[in-house]
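Convention: sequence-line order gives letters A, B, ...; per-chain numbering from 1.
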Number of protein chains: 2
Amino acid sequence: MSDAEADRTFHALADATRRDITRRVLQREQSVSSLACRYEMSFAAVQKHVAVLEAASLVTKKRRGREQIVHANLDALRRAARLLDEYEQLWRHRADTMAGILAETGEES
Amino acid sequence: MSDAEADRTFHALADATRRDITRRVLQREQSVSSLACRYEMSFAAVQKHVAVLEAASLVTKKRRGREQIVHANLDALRRAARLLDEYEQLWRHRADTMAGILAETGEES
DNA sequence: CTAACATACAACCAAATGGTTGTACAAACG
DNA sequence: CGTTTGTACAACCATTTGGTTGTATGTTAG
């Protein structure tokens, strides 16, 4: 995952409205306007939030008649989760190395 | 995880420098200045990045003499990863429900 | 004690963010 | 056909962000 991609993904997730939109479309894909009516803000504001999610590939839009249907992209979510897992692996590697060094000194004959 | 907490966490992760700092301190805790010298930007800028990570509980600082040692907080990372996993579960639940409905109609006597 | 070091923090600035309203246009309904 | 609906997009605005420099403070080394 590139830096720019991670930037876009985490930035998209760093907003409660966008996380809520993500949850909604994970459960059921729906049009931008059916999403918009759930929130206090204007339609244009919701449209912008969807655009941010789309730029991060967290959702995609497909036209159906005059509606634009928003679908979740599970793969992008998994890539983000995986990046966090990799961070944990860094820590684990350090822990292993330290344990190894301790074991080594303990083994000194 | 509260909305505000998720906001802070993902916002903190939505910057390449901050992710890099996170990786470094996961591998080895170190002082703010030893981190700062790795980047082109000013010391104060790095200090601010660390503050953002700290506000998100992704790192903590502990004073050691005149230095401030930055430690990674693995738990906060795990909480973020878990939130993403919950999103995947939402999707999975929908998939299961749909599969159930299909099975049900197929079972009609 | 003094000098150098590590940090903290305020003030400032340009750019990005998150919202608004208004306009335009295509698709669907009656 | 005209009207409503769903979307797109530009212009604008307040606030936040990400950087800078400068100053102050505490801590260690000599």
Side-chain angles (χ1 to χ4, degrees), chain A residues 2-25 28-72 80, chain B residues 2-25 28-72 80:
Chain A
S2 73
D3 272 357
E5 195 183 347
D7 284 1
R8 283 191 300 268
T9 303
F10 288 122
H11 171 251
L13 290 170
D15 178 280
T17 303
R18 287 196 290 265
R19 286 193 302 277
D20 198 62
I21 291 174
T22 304
R23 280 190 293 263
R24 285 188 194 278
V25 299
R28 184 155 98 79
E29 49 247 27
Q30 52 199 294
S31 69
V32 179
S33 46
S34 68
L35 284 168
C37 71
R38 305 284 181 168
Y39 307 97
E40 292 296 304
M41 69 194 75
S42 70
F43 174 80
V46 174
Q47 214 176 6
K48 280 194 188 180
H49 281 305
V50 172
V52 170
L53 289 167
E54 198 180 9
S57 299
L58 285 166
V59 306
T60 54
K61 289 191 299 188
K62 278 176 193 158
R63 185 164 283 282
R64 195 178 63 191
R66 65 182 162 187
E67 292 177 327
Q68 198 79 265
I69 306 299
V70 183
H71 300 253
Chain B
S2 73
D3 272 357
E5 195 184 346
D7 284 2
R8 283 192 298 269
T9 304
F10 288 122
H11 171 250
L13 291 169
D15 179 279
T17 302
R18 287 195 292 264
R19 285 194 302 277
D20 198 61
I21 291 174
T22 304
R23 280 190 293 263
R24 285 188 194 277
V25 299
R28 183 154 98 80
E29 50 248 27
Q30 52 197 295
S31 69
V32 179
S33 47
S34 69
L35 284 168
C37 72
R38 305 283 181 169
Y39 307 98
E40 291 298 304
M41 68 194 75
S42 68
F43 174 81
V46 174
Q47 215 177 6
K48 281 194 188 180
H49 281 305
V50 172
V52 170
L53 289 167
E54 198 180 9
S57 299
L58 284 166
V59 306
T60 55
K61 290 191 297 188
K62 277 177 196 159
R63 185 164 283 283
R64 196 179 64 192
R66 67 181 162 186
E67 292 178 327
Q68 198 77 268
I69 306 299
V70 184
H71 299 253

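- Each salt bridge (Lys or Arg N to Asp or Glu O under 4.0 Å) pair with one or both residues in residues 28-44 of chain B, not counting sequence neighbours, appears once here: A:R94-B:E29.
- Ion pairing between B:D15 and B:R19 fails under the 4.0 Å rule for side-chain N and carboxylate O.
- A donor-acceptor contact shorter than 3.5 Å links the side chain of B:S31 to the backbone of B:S34.
- Among the atoms of the strands shown, only primed sugar atoms or phosphate atoms (P, OP1, OP2) are found under 4.0 Å from some heavy atom of B:S31.
- Across the interface with DNA chain C, nearest-nucleotide mapping of A:D15 and B:V32 shows B:V32 to be the residue nearer the 5′ end.
- Taking atom NZ of residue A:K48 and atom P of nucleotide D:dA14, one finds them 15 Å apart after rounding to whole Å.
- Taking the charged nitrogens against the carboxylate oxygens, A:R64 and A:E67 do have a contact shorter than 4.0 Å, which makes a salt bridge.
- Across all strands shown, A:A44 has heavy atoms under 4.0 Å from base atoms, whether or not it also approaches the sugar-phosphate.
- Under the 4.5 Å side-chain criterion, counting only non-hydrogen atoms from C-beta, A:K61 is not in contact with A:H71.
- Judged by closest nucleotide on DNA chain C, A:F43 is the one of A:R63 and A:F43 placed further toward the 5' end.
- Regarding B:R66, its CZ atom lies at a distance of 17 Å from the C1' atom of D:dA24, rounded to whole Å.
- Between the side chain of A:R18 and the backbone N or O of A:L13 there is no donor-acceptor pair closer than 3.5 Å.
- To the nearest angstrom, C1' of D:dT4 lies 14 Å from CD of A:E67.
- Counting non-hydrogen atoms under 4.0 angstrom, B:S42 reaches a base of the nucleic acid.
- One interatomic measurement links the two molecules: CG of B:D7 to P of D:dT16, which rounds to 13 Å at whole-angstrom precision.
- Counting any heavy atom pair closer than 4.0 Å across all strands shown, A:R64 reaches no nucleic acid atom.
- Heavy-atom contacts of chain B under 4.0 Å fall on DNA chain C between two terminal nucleotides, which in 5' to 3' order are C:dC5 to C:dA11.
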